[in-house]
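Please find one structure pasted underneath; my questions will follow.
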Amino acid sequence: MNFSNTLIYWYLQNNRELPWRKTKDPYLVWLSEIMLQQTRIAQGLSYYLKFSEAFPKVENLANAEESTVLKMWQGLGYYSRARNLHFTAKYITQDLQGVFPSTYKELLKLKGVGDYTASAIASICFDEPTAVVDGNVYRVLARYFGIHTPINSTKGIKEFKALAQSMIDVEQPGTFNQAIMDFGSLQCKPQNPNCEECPINNSCVANEKGLTKILPIKEKKIKIKNRFFNYLVFVTEDGTTELEERKGKGIWQGMYQFPLIETAKEVAESTLITMEAFQQKVPSKSKIQLYNKDAIVHKLSHQHLHTRFWIIKLKENTKATIHWYDIEKYPVPVLISNFIEDFNKKSHNFF
DNA sequence: TAATCGTGGCG
DNA sequence: TCGCCAAGATT
(Lines give C-alpha, C1' and ligand atoms only; values in the text may rest on other atoms or scores of the structure.)
Protein backbone atom coordinates (compact mmCIF):
# COMPACT_ATOMS: atom_id res chain seq x y z
CA MET A 1 0.00 0.00 0.00
CA ASN A 2 1.32 3.45 -0.86
CA PHE A 3 2.02 6.38 1.43
CA SER A 4 -1.34 8.14 1.05
CA ASN A 5 -3.51 5.06 1.34
CA THR A 6 -1.58 3.86 4.36
CA LEU A 7 -2.07 7.17 6.14
CA ILE A 8 -5.78 7.16 5.37
CA TYR A 9 -6.07 3.59 6.59
CA TRP A 10 -4.20 4.54 9.75
CA TYR A 11 -6.50 7.53 10.17
CA LEU A 12 -9.68 5.48 9.91
CA GLN A 13 -8.49 3.48 12.89
CA ASN A 14 -6.80 6.16 14.97
CA ASN A 15 -8.47 9.49 14.29
CA ARG A 16 -9.60 11.67 17.14
CA GLU A 17 -13.26 12.53 17.52
CA LEU A 18 -13.42 16.29 17.37
CA PRO A 19 -16.54 18.46 17.18
CA TRP A 20 -15.53 20.26 13.99
CA ARG A 21 -15.10 16.93 12.25
CA LYS A 22 -18.81 16.23 12.56
CA THR A 23 -19.70 18.94 10.06
CA LYS A 24 -18.82 20.21 6.61
CA ASP A 25 -20.25 23.63 7.37
CA PRO A 26 -17.47 25.90 6.09
CA TYR A 27 -18.22 28.45 8.78
CA LEU A 28 -17.57 25.99 11.60
CA VAL A 29 -14.57 24.47 9.87
CA TRP A 30 -13.15 27.95 9.29
CA LEU A 31 -13.76 28.85 12.94
CA SER A 32 -11.89 25.77 14.10
CA GLU A 33 -9.01 26.30 11.70
CA ILE A 34 -8.45 29.91 12.75
CA MET A 35 -8.52 28.94 16.41
CA LEU A 36 -6.07 26.11 15.95
CA GLN A 37 -3.44 28.13 14.10
CA GLN A 38 -0.25 27.63 16.12
CA THR A 39 -2.44 26.28 18.91
CA ARG A 40 -2.82 22.82 20.39
CA ILE A 41 -6.20 21.13 20.22
CA ALA A 42 -6.21 20.76 24.00
CA GLN A 43 -5.93 24.53 24.33
CA GLY A 44 -8.36 25.51 21.58
CA LEU A 45 -11.14 22.99 22.12
CA SER A 46 -13.04 24.81 24.88
CA TYR A 47 -12.86 28.05 22.90
CA TYR A 48 -14.35 26.34 19.86
CA LEU A 49 -17.22 24.96 21.92
CA LYS A 50 -17.86 28.38 23.44
CA PHE A 51 -17.79 30.21 20.11
CA SER A 52 -19.82 27.68 18.14
CA GLU A 53 -22.50 27.75 20.80
CA ALA A 54 -22.62 31.53 21.12
CA PHE A 55 -22.31 32.06 17.35
CA PRO A 56 -23.80 29.05 15.51
CA LYS A 57 -24.00 30.98 12.25
CA VAL A 58 -21.57 33.42 10.69
CA GLU A 59 -24.10 36.23 10.98
CA ASN A 60 -24.23 35.74 14.76
CA LEU A 61 -20.51 36.33 14.91
CA ALA A 62 -20.79 39.27 12.53
CA ASN A 63 -23.38 40.94 14.76
CA ALA A 64 -21.23 40.73 17.88
CA GLU A 65 -19.08 43.60 19.12
CA GLU A 66 -15.37 43.25 18.47
CA SER A 67 -14.64 43.68 22.18
CA THR A 68 -17.02 40.80 22.91
CA VAL A 69 -15.14 38.60 20.47
CA LEU A 70 -11.80 39.62 21.97
CA LYS A 71 -13.11 38.95 25.47
CA MET A 72 -14.19 35.46 24.47
CA TRP A 73 -10.81 34.96 22.79
CA GLN A 74 -8.98 36.05 25.95
CA GLY A 75 -6.26 33.57 26.90
CA LEU A 76 -5.96 31.98 23.47
CA GLY A 77 -3.27 34.39 22.26
CA TYR A 78 -2.46 35.84 18.85
CA TYR A 79 -5.33 38.26 19.18
CA SER A 80 -5.14 39.50 15.59
CA ARG A 81 -6.75 36.17 14.75
CA ALA A 82 -9.83 37.23 16.69
CA ARG A 83 -9.96 40.64 15.05
CA ASN A 84 -9.54 39.13 11.58
CA LEU A 85 -12.12 36.48 12.40
CA HIS A 86 -14.67 39.13 13.29
CA PHE A 87 -13.77 41.28 10.27
CA THR A 88 -14.21 38.32 7.93
CA ALA A 89 -17.51 37.30 9.53
CA LYS A 90 -18.85 40.78 8.85
CA TYR A 91 -17.48 40.71 5.30
CA ILE A 92 -19.12 37.38 4.50
CA THR A 93 -22.41 38.42 6.05
CA GLN A 94 -22.60 41.86 4.54
CA ASP A 95 -20.76 41.61 1.22
CA LEU A 96 -21.16 37.95 0.31
CA GLN A 97 -24.77 37.59 1.54
CA GLY A 98 -23.64 35.09 4.12
CA VAL A 99 -22.35 32.64 1.53
CA PHE A 100 -18.91 31.26 2.30
CA PRO A 101 -16.35 31.22 -0.56
CA SER A 102 -16.04 27.67 -1.87
CA THR A 103 -12.68 27.52 -3.63
CA TYR A 104 -9.08 27.65 -2.45
CA LYS A 105 -8.47 30.74 -4.54
CA GLU A 106 -11.41 32.66 -3.12
CA LEU A 107 -10.84 31.49 0.43
CA LEU A 108 -7.27 32.75 0.26
CA LYS A 109 -8.56 36.30 -0.16
CA LEU A 110 -10.19 36.31 3.26
CA LYS A 111 -8.38 38.21 5.99
CA GLY A 112 -6.67 35.79 8.35
CA VAL A 113 -6.86 32.93 5.86
CA GLY A 114 -3.51 31.88 4.43
CA ASP A 115 -2.36 28.93 2.38
CA TYR A 116 -2.89 26.36 5.10
CA THR A 117 -6.38 27.46 6.14
CA ALA A 118 -7.62 27.93 2.58
CA SER A 119 -6.40 24.44 1.70
CA ALA A 120 -8.01 22.94 4.79
CA ILE A 121 -11.44 24.48 4.19
CA ALA A 122 -11.38 23.83 0.45
CA SER A 123 -10.49 20.16 0.90
CA ILE A 124 -12.64 19.36 3.92
CA CYS A 125 -15.77 21.27 2.92
CA PHE A 126 -15.63 21.30 -0.87
CA ASP A 127 -13.47 18.28 -1.78
CA GLU A 128 -10.95 20.41 -3.61
CA PRO A 129 -7.59 18.59 -3.75
CA THR A 130 -5.42 21.25 -2.14
CA ALA A 131 -2.78 19.97 0.27
CA VAL A 132 -2.37 21.43 3.73
CA VAL A 133 1.11 22.01 5.06
CA ASP A 134 1.22 22.60 8.79
CA GLY A 135 3.88 21.74 11.35
CA ASN A 136 2.80 18.11 11.34
CA VAL A 137 3.01 17.80 7.58
CA TYR A 138 6.49 19.34 7.49
CA ARG A 139 7.67 16.78 10.01
CA VAL A 140 6.06 13.73 8.41
CA LEU A 141 7.31 14.57 4.92
CA ALA A 142 10.79 15.66 6.02
CA ARG A 143 11.30 12.41 7.90
CA TYR A 144 9.65 10.05 5.45
CA PHE A 145 11.51 11.42 2.44
CA GLY A 146 14.66 12.45 4.31
CA ILE A 147 14.44 16.10 3.28
CA HIS A 148 16.96 18.46 4.85
CA THR A 149 15.67 21.70 3.36
CA PRO A 150 14.82 24.06 6.26
CA ILE A 151 11.06 24.09 6.64
CA ASN A 152 10.96 27.81 7.36
CA SER A 153 13.00 28.85 4.34
CA THR A 154 11.39 30.17 1.17
CA LYS A 155 12.72 27.18 -0.71
CA GLY A 156 11.46 24.76 1.91
CA ILE A 157 7.97 26.22 2.00
CA LYS A 158 7.62 25.79 -1.77
CA GLU A 159 9.23 22.38 -1.81
CA PHE A 160 7.06 20.90 0.94
CA LYS A 161 3.87 22.40 -0.47
CA ALA A 162 4.58 20.84 -3.87
CA LEU A 163 5.47 17.52 -2.30
CA ALA A 164 2.32 17.43 -0.18
CA GLN A 165 0.29 18.37 -3.24
CA SER A 166 1.84 15.48 -5.17
CA MET A 167 0.91 13.02 -2.44
CA ILE A 168 -2.71 14.06 -1.92
CA ASP A 169 -5.53 11.61 -2.55
CA VAL A 170 -7.65 13.51 -5.06
CA GLU A 171 -10.68 11.33 -4.32
CA GLN A 172 -10.71 12.20 -0.63
CA PRO A 173 -8.49 15.23 -0.13
CA GLY A 174 -10.09 16.30 3.15
CA THR A 175 -9.57 12.90 4.70
CA PHE A 176 -5.99 12.75 3.45
CA ASN A 177 -5.18 16.18 4.85
CA GLN A 178 -6.57 15.38 8.25
CA ALA A 179 -4.94 11.97 8.16
CA ILE A 180 -1.42 13.28 7.62
CA MET A 181 -1.90 15.92 10.32
CA ASP A 182 -3.26 13.47 12.88
CA PHE A 183 -0.52 11.04 11.96
CA GLY A 184 2.09 13.69 12.61
CA SER A 185 0.48 14.71 15.86
CA LEU A 186 -0.09 11.26 17.36
CA GLN A 187 2.40 8.92 15.67
CA CYS A 188 5.22 10.85 14.03
CA LYS A 189 5.54 13.18 17.02
CA PRO A 190 8.31 15.79 17.42
CA GLN A 191 9.83 13.93 20.36
CA ASN A 192 9.83 10.18 20.83
CA PRO A 193 7.96 9.22 17.68
CA ASN A 194 6.60 5.70 17.79
CA CYS A 195 8.70 4.33 14.94
CA GLU A 196 8.55 0.75 16.20
CA GLU A 197 4.85 0.46 15.52
CA CYS A 198 4.69 2.83 12.55
CA PRO A 199 2.86 1.53 9.45
CA ILE A 200 5.34 3.22 7.10
CA ASN A 201 8.58 2.61 9.02
CA ASN A 202 9.94 0.23 6.42
CA SER A 203 9.99 2.94 3.74
CA CYS A 204 10.82 5.94 5.93
CA VAL A 205 14.22 7.48 5.14
CA ALA A 206 14.66 9.04 8.58
CA ASN A 207 13.89 5.76 10.30
CA GLU A 208 16.28 3.87 8.06
CA LYS A 209 19.14 6.36 8.50
CA GLY A 210 18.50 7.38 12.09
CA LEU A 211 17.53 10.95 11.23
CA THR A 212 14.27 11.28 13.13
CA LYS A 213 15.90 13.40 15.81
CA ILE A 214 17.30 16.01 13.43
CA LEU A 215 14.43 16.19 10.96
CA PRO A 216 12.73 18.42 10.18
CA ILE A 217 15.39 21.12 10.05
CA LYS A 218 14.44 24.63 11.07
CA GLU A 219 16.84 27.52 10.63
CA LYS A 220 17.23 30.86 12.42
CA LYS A 221 16.75 31.22 16.09
CA ILE A 222 14.58 34.01 17.29
CA LYS A 223 15.99 36.84 19.33
CA ILE A 224 14.24 37.58 22.58
CA LYS A 225 13.84 41.19 23.54
CA ASN A 226 13.63 42.18 27.19
CA ARG A 227 11.15 44.91 28.07
CA PHE A 228 10.35 46.49 31.40
CA PHE A 229 6.75 47.31 32.18
CA ASN A 230 5.51 49.40 35.06
CA TYR A 231 1.75 49.18 35.40
CA LEU A 232 -0.01 51.86 37.39
CA VAL A 233 -2.93 50.33 39.24
CA PHE A 234 -5.12 53.12 40.53
CA VAL A 235 -7.29 52.49 43.54
CA THR A 236 -9.85 54.84 45.05
CA GLU A 237 -12.14 54.72 48.02
CA ASP A 238 -15.17 54.23 45.79
CA GLY A 239 -13.64 51.18 44.13
CA THR A 240 -12.67 52.56 40.76
CA THR A 241 -9.54 52.20 38.66
CA GLU A 242 -8.18 53.03 35.22
CA LEU A 243 -7.72 50.86 32.14
CA GLU A 244 -6.43 51.80 28.72
CA GLU A 245 -6.71 50.10 25.37
CA ARG A 246 -3.56 49.05 23.53
CA LYS A 247 -3.61 50.61 20.09
CA GLY A 248 -1.26 50.83 17.16
CA LYS A 249 1.19 48.10 16.31
CA GLY A 250 2.81 45.56 18.55
CA ILE A 251 1.50 43.11 21.09
CA TRP A 252 -2.02 42.85 22.43
CA GLN A 253 -3.76 45.21 20.00
CA GLY A 254 -7.29 45.95 21.15
CA MET A 255 -6.70 44.43 24.59
CA TYR A 256 -6.89 46.45 27.78
CA GLN A 257 -4.32 47.01 30.47
CA PHE A 258 -3.56 49.35 33.35
CA PRO A 259 -1.83 52.61 32.46
CA LEU A 260 1.69 51.64 31.48
CA ILE A 261 5.07 53.24 31.79
CA GLU A 262 7.73 51.31 29.92
CA THR A 263 11.33 51.84 30.94
CA ALA A 264 14.66 50.78 29.49
CA LYS A 265 15.44 48.76 32.62
CA GLU A 266 14.01 48.05 36.03
CA VAL A 267 13.49 51.31 37.91
CA ALA A 268 13.28 52.21 41.58
CA GLU A 269 10.33 54.14 42.93
CA SER A 270 12.48 57.23 43.35
CA THR A 271 13.30 57.15 39.65
CA LEU A 272 9.80 56.32 38.51
CA ILE A 273 8.12 59.22 40.28
CA THR A 274 10.45 61.75 38.71
CA MET A 275 9.60 60.63 35.18
CA GLU A 276 7.52 62.96 33.08
CA ALA A 277 5.22 60.15 31.99
CA PHE A 278 4.54 59.32 35.60
CA GLN A 279 3.76 62.87 36.60
CA GLN A 280 1.49 63.15 33.59
CA LYS A 281 -0.56 60.13 34.57
CA VAL A 282 -0.50 60.37 38.35
CA PRO A 283 -1.98 63.26 40.36
CA SER A 284 0.39 64.75 42.91
CA LYS A 285 -0.02 63.65 46.53
CA SER A 286 -1.01 60.14 45.45
CA LYS A 287 0.35 57.32 47.56
CA ILE A 288 2.44 54.79 45.68
CA GLN A 289 3.21 51.26 46.75
CA LEU A 290 5.11 48.55 44.89
CA TYR A 291 2.97 45.42 44.55
CA ASN A 292 5.64 42.92 43.54
CA LYS A 293 9.26 43.47 44.44
CA ASP A 294 10.45 40.76 42.09
CA ALA A 295 9.38 41.47 38.56
CA ILE A 296 6.95 39.03 37.01
CA VAL A 297 8.54 37.79 33.81
CA HIS A 298 5.79 37.21 31.29
CA LYS A 299 7.22 35.30 28.35
CA LEU A 300 5.94 35.86 24.85
CA SER A 301 7.39 34.18 21.79
CA HIS A 302 9.68 37.14 21.02
CA GLN A 303 9.73 39.17 24.22
CA HIS A 304 10.20 38.79 27.93
CA LEU A 305 8.14 41.34 29.80
CA HIS A 306 9.65 42.18 33.19
CA THR A 307 6.62 43.54 34.90
CA ARG A 308 6.05 45.37 38.14
CA PHE A 309 2.72 46.65 39.36
CA TRP A 310 2.54 49.89 41.29
CA ILE A 311 -0.53 50.52 43.40
CA ILE A 312 -1.48 54.18 43.24
CA LYS A 313 -3.86 55.26 45.98
CA LEU A 314 -5.65 58.39 44.83
CA LYS A 315 -6.50 60.91 47.47
CA GLU A 316 -9.97 61.21 48.92
CA ASN A 317 -12.86 62.30 46.76
CA THR A 318 -11.11 61.46 43.52
CA LYS A 319 -12.65 59.08 41.06
CA ALA A 320 -11.31 56.89 38.28
CA THR A 321 -13.29 55.74 35.25
CA ILE A 322 -13.85 52.02 35.75
CA HIS A 323 -15.33 50.09 38.64
CA TRP A 324 -13.49 47.00 39.79
CA TYR A 325 -16.66 44.97 39.40
CA ASP A 326 -16.80 45.96 35.72
CA ILE A 327 -13.19 45.11 35.01
CA GLU A 328 -14.00 41.55 34.02
CA LYS A 329 -15.95 42.85 31.03
CA TYR A 330 -12.77 44.08 29.37
CA PRO A 331 -10.55 41.83 27.25
CA VAL A 332 -7.14 41.69 28.90
CA PRO A 333 -3.96 39.70 28.27
CA VAL A 334 -3.14 36.82 30.60
CA LEU A 335 -0.49 38.88 32.37
CA ILE A 336 -3.16 41.39 33.43
CA SER A 337 -5.86 38.84 34.24
CA ASN A 338 -3.41 36.94 36.45
CA PHE A 339 -2.62 40.12 38.31
CA ILE A 340 -6.29 41.01 38.76
CA GLU A 341 -7.02 37.59 40.18
CA ASP A 342 -4.14 37.84 42.62
CA PHE A 343 -4.93 41.41 43.55
CA ASN A 344 -8.56 40.60 44.29
CA LYS A 345 -7.38 38.26 47.03
CA LYS A 346 -5.07 40.79 48.63
CA SER A 347 -6.67 44.09 47.76
CA HIS A 348 -7.76 44.68 51.37
CA ASN A 349 -4.10 45.39 52.07
CA PHE A 350 -4.29 48.46 49.89
CA PHE A 351 -7.42 50.20 51.12
C1' DT B 1 11.89 38.70 3.31
C1' DA B 2 12.49 38.26 8.00
C1' DA B 3 10.39 39.70 12.04
C1' DT B 4 6.42 39.67 14.72
C1' DC B 5 2.36 38.09 16.91
C1' DG B 6 0.51 34.55 22.90
C1' DT B 7 0.05 31.05 25.64
C1' DG B 8 0.87 26.64 27.60
C1' DG B 9 2.71 21.89 27.78
C1' DC B 10 6.51 18.89 27.64
C1' DG B 11 11.10 16.57 28.36
C1' DT C 1 14.95 25.56 34.23
C1' DC C 2 14.71 26.31 29.50
C1' DG C 3 14.26 25.61 24.71
C1' DC C 4 11.13 23.65 21.56
C1' DC C 5 6.88 23.60 19.45
C1' DA C 6 1.81 23.88 18.46
C1' DA C 7 -4.22 22.73 12.46
C1' DG C 8 0.20 30.00 10.44
C1' DA C 9 -0.75 34.79 8.85
C1' DT C 10 0.67 39.32 8.15
C1' DT C 11 3.53 43.12 6.87
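From a predicted model like this one, the values you see are computed outputs, not experimental measurements. Within every chain, numbering begins at 1; the chains are lettered A, B, ... in the order of the sequence lines, protein sequences first and strands thereafter.
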Would you kindly give the CD1-to-P distance between A:I41 and C:dA6, to the nearest whole Å?
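Nearest whole value for this atom pair: 12 Å.
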
Should A:R308 and A:E266 count as an ion pair when the cut-off is N to O under 4.0 Å?
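Result for this pair is yes, salt bridge flagged.
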
Go through it in stages, so that I can follow the logic: the residues are A:R227 and A:E262, the test is salt bridge (charged side-chain N to carboxylate O under 4.0 Å, His left out), and I'd like the CA-CA distance, side-chain angles, deciding distance and then a yes or no.
CA-CA 7 Å; A:R227 302 175 71 181; A:E262 184 172 358; 2.8 Å; yes

Less than 3.5 Å between a donor and an acceptor, one on the side chain of A:R40 and one on the base of C:dC5, is that the case here?
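By the distance-only test, yes, there is a pair.
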
Starting at atom NE2 of A:H302, determine the distance to atom P of C:dT11, rounded to an integer number of angstrom.
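After rounding, the reported distance stands at 16 Å.
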
base_contact_polar (C:dA7 base, A:R21 side chain, donor-acceptor, <3.5 Å)
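It does, because a donor-acceptor pair links the side chain of A:R21 to the base of C:dA7 below 3.5 Å.
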
Under 4.0 Å from OP1 or OP2 of C:dA6: is there any side-chain N or O of A:S185 that close?
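The answer is no; no side-chain N or O of A:S185 sits under 4.0 Å from OP1 or OP2.
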
Compare side-chain N and O positions of A:Q38 against OP1 and OP2 of C:dA7 and report whether any pair is under 4.0 Å apart.
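Answer no for this pair, as no side-chain N or O of A:Q38 is under 4.0 Å from OP1 or OP2.
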
What is the distance, rounded to the nearest whole Å, between atom CG of A:L110 and atom P of C:dT10?
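My rounded result for the distance is 10 Å.
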
To the nearest angstrom, how far is A:N152 atom CG from C:dA6 atom P?
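To the nearest whole Å, that distance equals 12 Å.
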
Here's a test of your reading of the structure: between A:L108 and A:R16, which maps to the more 5' nucleotide of DNA chain C?
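The answer here is A:R16.
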
Would you say C:dA7 has OP1 or OP2 under 4.0 Å from some side-chain N or O of A:W30?
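For A:W30, the contact criterion (side-chain N or O under 4.0 Å from OP1 or OP2 of C:dA7) is not met.
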
So, A:F100 versus A:Y27, ring centres under 6.0 angstrom or not?
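Centroid separation for A:F100 and A:Y27: 6.0 Å or greater.
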
Round to the nearest Å and state the distance from A:Q191 atom CD to C:dC2 atom C1'.
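Answer to the nearest Å: 13 Å.
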
Using the six-membered ring wherever Trp is involved, compare the ring planes of A:Y256 and A:Y330 and label them parallel, tilted or perpendicular (cut-offs 30° and 60°).
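Perpendicular.
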
Quick one: is A:T154 getting a side-chain N or O under 4.0 Å of the B:dT1 phosphate, OP1 or OP2?
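The answer is yes; a side-chain N or O of A:T154 sits under 4.0 Å from OP1 or OP2.
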
Looking at C:dA6, I'd like to know if its phosphate oxygens (OP1 or OP2) sit under 4.0 Å from a side-chain N or O belonging to A:R139.
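So the side chain of A:R139 is within the cut-off, an N or O lying under 4.0 Å from OP1 or OP2 of C:dA6.
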
Is the base of B:dG6 touched by the side chain of A:Y78 through a donor-acceptor pair closer than 3.5 angstrom?
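Checked by distance alone, the answer is yes.
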
Take the protein atom CG of A:D134 and the nucleotide atom C1' of C:dG8, then report the distance between them rounded to whole Å.
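A:D134 atom CG is separated from C:dG8 atom C1' by 9 Å.
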
